[in-house]
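Note sheet for the following structure.
Each chain gets a letter, A, B and so on, in the order its sequence line appears, and its residues count up from 1.
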There are 2 protein chains.
Amino acid sequence: MVTMRDVADRAGVSIATVSFLLNDTKPVTAATRARVEQAMAELGYRRNAVARALASRRTHIIAMAYPALEHRFGMSTAEFFTSAAEAARKEAYHLVLWPVGNDGVELRELLGQGLVDGVVLMEVQLDDPRVDVLRETGTPFALIGRTTELEGLSHVDIDFDTTVRDAVGHLYDLGHRELVLVSGDLADPRFHAYGPWVRTEDAYRRIAAEYGLPIVVMPCSDTTQAGQEAADRLIQEHPKTTAILVLNEYAALGVISGLTRLGRDVPGELSVLPLLMVPETAALSNPELTIMRTPGPELGQLGTDALIRQLEGADPLPPQLVPAKLYPGATVAAPRAPRSKGGGGRRGERKARS
Amino acid sequence: MVTMRDVADRAGVSIATVSFLLNDTKPVTAATRARVEQAMAELGYRRNAVARALASRRTHIIAMAYPALEHRFGMSTAEFFTSAAEAARKEAYHLVLWPVGNDGVELRELLGQGLVDGVVLMEVQLDDPRVDVLRETGTPFALIGRTTELEGLSHVDIDFDTTVRDAVGHLYDLGHRELVLVSGDLADPRFHAYGPWVRTEDAYRRIAAEYGLPIVVMPCSDTTQAGQEAADRLIQEHPKTTAILVLNEYAALGVISGLTRLGRDVPGELSVLPLLMVPETAALSNPELTIMRTPGPELGQLGTDALIRQLEGADPLPPQLVPAKLYPGATVAAPRAPRSKGGGGRRGERKARS
DNA sequence: CTGAAAGCGCTTACAG
DNA sequence: CTGAAAGCGCTTACAG
């Protein structure tokens, strides 16, 4: 292994000078710089990050703490991760996905070892023990998501309010007046405090009321099967519905296939608009789904930037909320004129009319 | 920060003794042990991993190198990662997902910094520049996947041969004689040397020949749309087909929805058997797909164990190949008696018979 | 079984 | 602008 000592010797300078140059922490004359850089090149020197970390107390490693066992790592998560990693790399940090349980025990363990400078927290619960651990240990962190009490926490999150408002507005403008929200299943103890579900449902109830729409919310867990069952119930219990908002990705796929199976034409008879989906998932369906696109790339980057600013002692960024944006597809259309009593009808049959 | 020095002082021993105890590297009397352990507990001591790494030249960090930009991080990858991380934790290593491009440049950069003890390589190409980098730098590593030349490389991989043999055998035993493999698209330059595709297709040609079956292979990239198009072509060009093997996950979803859309009953008229899929993806369809289940959990664990054995200087594990296993669902059945010329037929109509 | 001391490869006041 | 030296918090021969 070639060390800074070797470089310094070959360049005829002290290791301090090499270090100053490398970190750009003190001015160095052009001549010295040239000699040192040549020596580094000749020797193929690479600075040892572990030694640097010990001396400077900064590892330049950011952990994206992910509760791998509790939450499936889906397409959306992959987006957050990828964009966060890119943002970190630009600032000369390593961002890695670190699997830790969401009870805070493993996270405390990890932080105690001094391996990471900061943490980006995903899948934040409304009252998250990991946040307590991060505070207690004085670790810089940023949330992607939000806890209930937010004072002084740097965080970025989806702007659920705007997302729901835009989605409802879009459907309303098309002429829909009978909407249903297929929400998350807040009765599930694992999710009763899961921010995205709570916030979306709250926003929907408020905004539907503002629009003077009847408020129909159906709980539904995030699986294709559950989505299909929700479609069944919906057709039974709310036959006048013309548009469906679906909170969860896999549930949305199920709602669509459920409706199709029941012979309902989408979007001819019913429009379906998922509220938080990535294009990869939308593309699982053909024709492709109209969706509100999860702002994963933006949030991953903003969250990481917010953390790095803390680490660098820069002024903190204000909390950022980013809405999902309408991403056009083929599953939302204007409602048809009131349908004939015959109902049903086989798929495709009326496509020309819609 | 409480250091080993603090613990030693409080326990009235030297820091060497604390270290010996902590690492279980030299015997310590029960009395001493008790004093030190009490001191550690009282002070809430946690060993600094960075200092330890510098002194011992081992960081205990394993990087799962993942080409995030080139490959989508899907459900299967998540499985590998989760099980690998668990295996590492058991052996007191950290396994983290480290995004690096698959050309070897970023990997070389990373290895030069001395932050990781070893690497688990995913999405291995048949001729992988990252393997060269790992060899040149003398980094211990294990492959999940295989390069063409394998001498001396510790690796684990899917047993494509057994997987295909079992899949074909299963269909054959049910009575199927007209099979088609919807393969990967090896014409795509990004994948022409992608091991799983090459190996699966090779195995299929060989094994179908052994069974005396007509050999029909259709290239198809891994998207739902491509799968649907493949279904269209297949119905046109090979109308006598009774069973379809599909290599890729998303293509498989497309094949099924494509067939359904064309009015073909699955499995009444056509059985569909994906060769490498995880149950999460199978559950996106309802009824759930019959699949050959990717052995992600096994491979993640075996790959990590193989690497850790190297790191610990234990005897290397022999390369391991693990087949995907049949995972029952509702999309494979015996072929029907030769179908009437009328063809088509609406879905569900004949279910009672199949 | 235990300790004193060197050393891992850097950074960073401090001095000039 | 550059250098000598202390120090980051551990591990590990070496000696006893």
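- For D:dC8, the OP1/OP2 oxygens have no side-chain nitrogen or oxygen of B:T3 closer than 4.0 Å.
- Each of B:I15 and A:L22 was matched to the nucleotide of DNA chain C holding its nearest heavy atom; the match closer to the 5' end belongs to B:I15.
- Contact annotation: A:R47 reaches the phosphate of C:dT11 (side-chain N/O to OP1 or OP2, under 4.0 Å).
- Side chain of A:A16, nearest nucleotide from C:dG3, D:dG3, D:dT2: D:dG3.
- The 5' end of DNA chain D is approached more closely, in terms of each residue's nearest nucleotide, by A:G12 than by the other of B:A49 and A:G12.
- For the pair A:L54 CG and D:dT11 C1', the computed distance is 12 Å after rounding to whole Å.
- Counting only N and O atoms by type, the side chains of B:Q38 and B:E42 include a donor and acceptor under 3.5 Å apart.
- Each of B:I62, B:L95, B:V120 was compared with B:I308 under the side-chain contact (heavy atoms from CB on, under 4.5 Å) criterion, and only B:I62 meets it.
- The shortest distance between the side-chain N/O atoms of A:S14 and the OP1/OP2 oxygens of D:dA4 is not below 4.0 Å.
- A salt bridge between A:D6 and A:R10 is absent, with no side-chain N of the basic residue lying under 4.0 Å from a carboxylate O of the acidic one.
- Between the CG atom of B:D6 and the C1' atom of D:dG9 there is a distance of 11 Å, rounded to whole Å.
- Between A:T32 and the phosphate of D:dC1, there is no side-chain N or O to OP1/OP2 separation shorter than 4.0 Å.
- Side-chain N/O atoms of B:N48 include none lying less than 4.0 angstrom from OP1 or OP2 on D:dC8.
- In summary, the side chains of B:N102 and B:R190 do not present any donor paired with an acceptor at a separation below 3.5 Å, with no hydrogens or angles considered.
- Among A:D157, A:T147, A:L153, the one residue that satisfies the side-chain contact (heavy atoms from CB on, under 4.5 Å) test with A:V124 is A:T147.
- One atom, CZ of B:F20, and another, P of D:dA13, lie 10 Å apart when rounded to the nearest Å.
- Across all strands shown, C:dA4 forms no Watson-Crick or G-U wobble pair with both key distances under 3.5 Å.
- Remark: P of C:dT12 and CZ of A:R57 are 9 Å apart, rounded to the nearest angstrom.
- Side-chain contact check for A:Y93 and A:E312: at least one donor-acceptor pair (N or O, by modelled atom type) lies under 3.5 Å.
- Heavy atoms of A:S19 sit under 4.0 angstrom from at least one base atom.
- To the nearest angstrom, C1' of D:dC10 lies 11 Å from CE of B:M1.
- Using P as the reference atom, D:dG9 and D:dA13 are 23 Å apart when rounded to the nearest Å.
- Remark: A:T17 is in phosphate contact with D:dG3, judged by side-chain N or O atoms under 4.0 Å from OP1 or OP2.
- Contacts of B:V50 with the nucleic acid, taken as non-hydrogen atoms under 4.0 Å apart, are absent.
- Atom-to-atom, OH of B:Y45 to C1' of D:dC10 comes out at 7 Å; the value is rounded to the nearest Å.
- Each of B:A55 and B:T29 has a nearest nucleotide on DNA chain C; the 5'-most of these lies closest to B:T29.
- When rounded to the nearest whole Å, the span between CG of A:D24 and P of D:dT2 equals 13 Å.
- Shown here, C:dA13 forms no base pair; nothing in the strands shown gives a Watson-Crick or G-U wobble contact with both key distances under 3.5 Å.
- For A:D9 and D:dA4, the CG to P distance is 11 Å, given to the nearest whole Å.
- Contact annotation: A:S56 side-chain N/O to C:dT11 OP1/OP2 distance is not under 4.0 Å.
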